[in-house]
Amino acid sequence: MGHVAIGSHWFKYLCQQRKLDSEQLFRELINQYFTGRICGPFHYEARQRAGFSAAELSALEHLCHTR
């Protein structure tokens with residue numbers, strides 16, 4: 001969980017510095033670069049503690065249903 005929290009922190013920090021919407025950019029990057037398959041069950045509580053927002057978790061869940 002620690003490495004996810006660190007990545008989430010820096011991603012959001014850099015987005016804020018560049019005045020980018022981190023949740024929108026997260027979805028765009030997933031759609032552009034992620035070619036694998038990801039399916040739950042997702043440990044929502046742990047991911048939220050690591051810094052994932054509800055919108056980011058929804059984007060991950062959406063991947064499970066569309067790929």
Side-chain angles (χ1 to χ4, degrees):
M1 190 168 71
H3 72 284
V4 175
I6 291 168
S8 183
H9 167 79
W10 286 111
F11 178 75
K12 290 176 182 175
Y13 173 81
L14 291 171
C15 286
Q16 182 180 28
Q17 293 295 308
R18 296 172 180 163
K19 299 183 181 355
L20 300 170
D21 182 329
S22 64
E23 292 178 351
Q24 179 182 350
L25 183 58
F26 181 78
R27 286 189 302 274
E28 290 172 7
L29 292 173
I30 285 175
N31 289 327
Q32 185 175 357
Y33 294 108
F34 186 77
T35 59
R37 179 141 172 87
I38 185 169
C39 275
F42 299 110
H43 193 307
Y44 291 100
E45 184 180 319
R47 287 181 185 264
Q48 286 176 320
R49 281 196 312 257
F52 273 69
S53 69
E56 291 167 331
L57 290 170
S58 178
L60 288 178
E61 192 170 69
H62 185 259
L63 279 178
C64 184
H65 300 295
T66 60
R67 295 188 188 217

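None of these values were measured; they are calculated from a predicted model.
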Shared ILVMFWY cluster between L25 and V4, side chains joined below 4.5 angstrom?
-> yes

same_hphob_cluster(F34, F52) at 4.5 Å side-chain heavy-atom cutoff = yes

Nearest 0.5 Å, please: how far is [atom2] in [Y] from [atom1] in [X]?
| X | Y | atom1 | atom2 | answer |
| --- | --- | --- | --- | --- |
| F26 | L57 | CZ | CG | 8.0 Å |
| L29 | Q24 | CG | CD | 10.5 Å |
| L60 | I30 | CG | CD1 | 5.0 Å |
| W10 | C15 | CH2 | SG | 13.0 Å |
| S8 | R47 | OG | CZ | 11.0 Å |

Side chain to side chain contact (heavy atoms under 4.5 Å, CB included) partners for H43, two or more places apart | E45, A46

Are Y33 and E28 close enough that a side-chain donor and a side-chain acceptor fall under 3.5 Å?
-> no

Pair listing, side chain to side chain donor-acceptor pair (under 3.5 Å) test, anchored in residues 13-23, at least two apart = E23-S53

For the residue pair E56 and K12, establish whether any side-chain heavy-atom pair is separated by less than 4.5 Å.
-> yes

Taking only residues two or more places apart in sequence, or in another chain, which ones meet Q48 in a side-chain hydrogen bond (donor to acceptor under 3.5 Å, both in side chains)?
-> none

